[in-house]
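In what follows, a single structure is set out as structure tokens and then discussed.
Values below: every heavy atom of this structure, side chains too, minus hydrogens, waters and symmetry copies.
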Amino acid sequence: MSEFKRTTVTAALIYANGPIHIGHLAGCYLPADIYVRFLRLQNKDVIFVSGTDEHGVPITIKAQKEGKTPQEVVDYYYKEIKQSFEYFGISFDIYGRTSDPVHHKISQDFFLKLYQEGKFIEEVTEQYYDEEAGQFLADRYIVGECPSCHQPGAYGDQCEKCGSTLSPNELINPKSTLSGSAPSLRPTKNWFLPLDQWQPELEKYVASHPEWKPNVSGQVKSWLNDGLKPRAMTRDLSWGVPVPIEGNEGKVLYVWFDAPIGYISMTSQLRPDWEKYWKDKDSRIVHFIGKDNIVFHCLIFPAMCMAHGEYQLADQVPANEFMNLEGDKISTSRNWAVWLHEYLKEFPGKQDVLRYALTASSPETKDADFTWADFQTKNNSELVAILGNFVNRVFVLLDKNFESKVPASFGEFSETVLDIRQLMSDLPSKISNSLESYKFRDGLVYAMEIARMGNKYLAETEPWKLVKEDKELAGGVLNNSIQLVAFLSMALEPFLPFTARKLRDALGLKDLKWEIIGNWDAIPTGTVVKNPGLLFEKLEDDVIQKQVDKLNQTKQQMLLLSKQPNPIKETIDFESFSKMDIRIGQVIAAEKMEKSKKLLKLTVDDGIRQRTILSGIAEHFQVEEVIGRKVTFLANLAPRKMMGLESEGMILMAEGQDGKLSFIQPDSGIWNGASVS
């Protein structure tokens with residue numbers, strides 16, 4: 001970092017169509033905040049920029065669902081998101097909006113420069129148009145049958161059932177979500193950025209950064225190996241930054257064209273000398289993002305900047321992988337998430353607990369999993385038992401034995417006293433090196449090592465006993481210990497800023513300086529310190545269980561909502577139906593099939609004889625539950641041999657929304673052998 005005079009740190013612009021969840025925090029915003037706080041501790045020239053992305057189809061879809069205008073939607077969520085970030089301690093220098101007129105102007109100027117210099121390709125393509133709604137349709141406004149799994153309701157860009165990536169023209173029987181009618185294809189002109197022309201320069205750019213994380217360079221190189229293609233930079237939509245070319249009403253800048261320019265437009269509102277943070281060669285740009293944004297920040301935005309010619313390219317893009325929740329992918333549509341605004345209400349004053357848990361399990365190199373059980377363990381076994389315990393013991397001993405004043409340091413070190421200073425000697429560099437290389441998990445481990453060493457130091461020196469024998473020596477131990485607390489107040493500042501502030505207030509430390517770590521005279525002899533009380537409190541099982549129950553309830557609700565009736569099968573004639581002999585029978589015996597988890601062997605009285613039917617219901621019913629039941633079965637199904645036995649029919653079952661099977665049986669009084677017609 002020494003060759004750079006200043007650093008511009010950006011955190012991805014989040015769509016203003018919903019609240020923040022822990023996946024957002026772990027993937028982007030928390031590591032960015034840790035890094036920025038670390039740079040500030042070293043008195044570096046750094047600005048931290050982010051905001052809400054307020055254009056694009058996700059906004060208009062949300063507005064349509066809520067019966068609001070897009071502006072009403074983004075106004076509401078901007079306020080909620082900004083407030084949640086502030087309460088959580090994400091220390092942006094500016095948190096802006098892409099709907100701001102300043103952003104519109106800078107984005108349009110950027111586009112016009114490329115347009116006037118002939119950097120775009122004008123191309124006419126055919127896109128779906130809704131005649132009734134009178135507008136072109138974005139991919140998400142088109143649904144139809146998936147060509148891969150034939151599930152109805154697949155979107156024009158993806159089937160959410162099988163995960164296939166689609167284009168609208170691949171859908172079977174496409175429909176508009178606006179009117180429900182079948183759209184027609186119409187020609188429309190848009191402007192494309194020829195990424196293929198910039199590929200050689202992009203390859204050089206990527207090759208010049210071998211230090212990028214493997215997940216970043218791997219994804220980027222995969223795209224380059226496949227060959228880049230021109231990408232549309234405009235869209236036929238009513239919501240967004242209008243294309244600044246006369247006669248092109250109804251067209252806006254593609255959201256992924258204007259969104260990264262938001263970093264620039266927001267910086268311009270922060271300070272008058274903003275340009276040097278983006279254009280000077282001695283300025284360093286670092287983009288913090290999640291892995292789903294890697295291509296846009298490492299290829300498309302750099303290509304835009306290359307075409308423009310005035311802006312510096314990012315030096316680092318330390319993208320994280322995904323944070324999952326209780327073994328399942330976080331999903332806003334399924335409400336499978338831990339929402340930040342809810343956490344802040346349900347766990348007041350515990351911002352640092354969540355910051356600690358997310359950092360300790362950060363998905364830096366691979367997807368990670370957040371569980372409430374692990375959250376409880378990290379709080380109780382680490383924050384309470386290690387960090388909180390050490391700090392509390394030091395202040396209690398000072399209050400009790402030294403009138404809350406810092407005693408004198410050792411005159412000479414005794415061989416019988418653990419030399420904590422030697423053990424601490426390389427920790428500051430280990431923490432710094434970890435943070436400078438974006439290994440925030442490691443940095444947190446090293447920072448917590450100070451508290452671990454402190455506890456060990458107290459256990460081995462036993463100042464509560466030593467004070468009775470040699471108060472001066474005990475005072476030296478506690479002087480060392482209070483210096484460790486001072487070190488913690490700086491080392492933890494990037495990770496646990498609320499806790500670090502409590503420690504600094506308790507010690508009377510006014511300045512934030514990284515070099516305090518390792519300075520054994522940071523808190524002078526005679527300083528009166530103030531016990532901050534317990535830094536953390538134990539989380540009981542019932543508190544955690546409440547959160548687990550909340551998630552389980554969400555899972556059950558979404559399971560019911562997501563279960564849709566299967567499509568009606570192909571029409572058959574009456575003659576085909578009449579060939580099926582469906583009858584009522586009674587199960588008179590049942591047993592589990594060995595070596596099979598699914599099959600039960602049922603003996604069914606069909607009114608004529610007893611027949612054997614093997615039925616795949618063992619995971620839904622116990623043997624004793626089915627004996628004596630009336631059942632509906634297909635009597636003339638050709639016998640089928642399974643696991644050495646011949647099955648003579650099929651039991652008819654119905655599947656509930658929760659996936660459980662139910663018998664189809666008559667109310668009462670129906671005799672065995674009765675036909676169903």
Side-chain angles (χ1 to χ4, degrees), residues 9-36 48-63 65-66 70-100 103 107 140 239-241 254-267 269 286-297 300-301 317-323 325 329-333 335-344 354-355 358 362-363:
V9 174
T10 72
L13 305 189
I14 190 172
Y15 276 128
N17 66 338
I20 308 163
H21 56 63
I22 58 170
H24 296 131
L25 295 172
C28 170
Y29 303 102
L30 184 52
D33 187 64
I34 292 170
Y35 188 64
V36 168
F48 187 14
V49 181
S50 190
T52 47
D53 185 351
E54 302 187 357
H55 298 135
V57 175
I59 305 298
T60 57
I61 289 177
K62 186 73 171 184
K65 287 181 179 178
E66 296 186 356
Q71 191 64 55
E72 288 174 328
V73 168
V74 298
D75 286 347
Y76 174 83
Y77 283 112
Y78 171 78
K79 182 179 179 181
E80 180 179 89
I81 292 169
K82 185 173 185 287
Q83 187 178 70
S84 294
F85 276 138
E86 288 173 352
Y87 289 168
F88 192 61
I90 304 298
S91 57
F92 301 117
D93 289 301
I94 185 169
Y95 192 74
R97 313 178 62 176
T98 60
S99 65
D100 191 287
H103 172 72
S107 297
R140 280 265 154 174
W239 177 251
V241 179
Y254 175 39
V255 67
W256 266 110
F257 182 88
D258 89 89
I261 298 174
Y263 302 137
I264 298 169
S265 69
M266 292 165 195
T267 307
Q269 299 175 68
V286 181
H287 294 312
F288 281 88
I289 56 171
K291 69 176 177 181
D292 51 337
N293 290 337
I294 289 173
V295 169
F296 293 103
H297 285 76
I300 297 176
F301 187 38
V317 189
N320 271 0
E321 299 292 291
F322 289 150
M323 176 67 81
L325 173 60
K329 185 177 179 180
I330 291 175
S331 169
T332 56
S333 62
N335 194 32
W336 186 253
V338 175
W339 302 103
L340 180 55
H341 68 289
E342 291 183 357
Y343 175 89
L344 292 170
L354 184 57
R355 289 178 68 109
L358 293 178
S362 178

Can you name the residues that form a ring-ring contact (aromatic ring centres under 6.0 Å, His included) with His24, not counting sequence neighbours?
-> His21

Note: Ala32 and Ala11 closest approach over all heavy atoms is CB-CB, 4.3 Å

Within a reach of under 6.0 Å around CZ of Phe322, are more than 12 heavy atoms found that belong to other residues, nucleotides or ligands?
-> yes

For Phe88, does its backbone N or O pair with a side-chain atom of Arg355 as donor and acceptor, under 3.5 Å?
-> yes

Under 4.5 Å between any side-chain heavy atoms of Thr52 and Val74, yes or no?
-> no

Sub-3.5 Å donor-acceptor pair from the side chain of Thr98 to the main-chain atoms of Glu54, do we have one?
-> yes

Does some side-chain heavy atom of Lys65 sit less than 4.5 Å from a side-chain heavy atom of Ile61?
-> yes

Pairs touching residues 256-265 that satisfy salt bridge (Lys or Arg N to Asp or Glu O under 4.0 Å), sequence neighbours left out | none

What pairs with Phe92 under ring-ring contact (aromatic ring centres under 6.0 Å, His included), at least two apart in sequence or on another chain?
-> Phe48, Phe85, Tyr95

Which atom of Asp53 lies closest to which atom of Ala259, heavy atoms considered | OD2-CB, 3.6 Å

State, to 0.1 Å, how close Tyr263 and Ala12 come at their nearest heavy-atom pair, and which atoms those are.
-> OH-CA, 3.4 Å

Euclidean distance, Leu25 CG relative to Leu340 CG, rounded to 0.5 Å = 5.0 Å

Rounded to the nearest 0.5 Å, what separation is found between the CG atom of Asn320 and the CG atom of Asp292?
-> 11.5 Å

Over all atoms of both residues, closest heavy-atom pair of His103 and Ser265 = ND1-OG, 2.9 Å

Go through the structure and list residues passing side chain to side chain donor-acceptor pair (under 3.5 Å) with Trp339, not counting sequence neighbours.
-> Asn335

What residue among Lys79, His341, Glu342 forms side chain to side chain contact (heavy atoms under 4.5 Å, CB included) with Ser84?
-> His341

Pairing residues for Pro318 by the side-chain contact (heavy atoms from CB on, under 4.5 Å) criterion, not counting sequence neighbours | Lys213, Val286, Phe288, Gln316, Tyr438

Contacts of type side-chain contact (heavy atoms from CB on, under 4.5 Å), residue Tyr76, not counting sequence neighbours | Glu80

Tyr15 versus Lys62: any side-chain heavy-atom pair under 4.5 Å?
-> no

Shortest non-hydrogen contact from Pro260 toward Val255 | CD-O, 4.5 Å

Who are the side chain to side chain donor-acceptor pair (under 3.5 Å) partners of Gln71, not counting sequence neighbours?
-> Asp75

Of all residues at least two apart in sequence or in a different chain, which pass the side chain to side chain donor-acceptor pair (under 3.5 Å) check with Ser91?
-> Asp33, Arg40

Anything under 30° is parallel, anything over 60° is perpendicular, the rest tilted; go ahead and classify Phe301 against His287.
-> tilted

Can you name the side-chain contact (heavy atoms from CB on, under 4.5 Å) partners of Ala26, sequence neighbours left out?
-> Met323, Leu358, Pro363

Do Leu13 and Ser50 have side chains that get closer than 4.5 Å, going by heavy atoms?
-> yes

Minimum-distance pair of heavy atoms, taken over all atoms of Val73 and Asn17 | CG1-CA, 4.4 Å

Any Ile294 side-chain heavy atom under 4.5 Å of Val317 side chain = no

Could you list the residues that satisfy salt bridge (Lys or Arg N to Asp or Glu O under 4.0 Å) with Glu72, not counting sequence neighbours?
-> none

Among all residues two or more places apart in sequence or in another chain, which pass the ring-ring contact (aromatic ring centres under 6.0 Å, His included) test with Phe296?
-> Trp256

Residue set satisfying side chain to side chain donor-acceptor pair (under 3.5 Å) with Thr60, at least two apart, ordered chain then number -> Tyr141

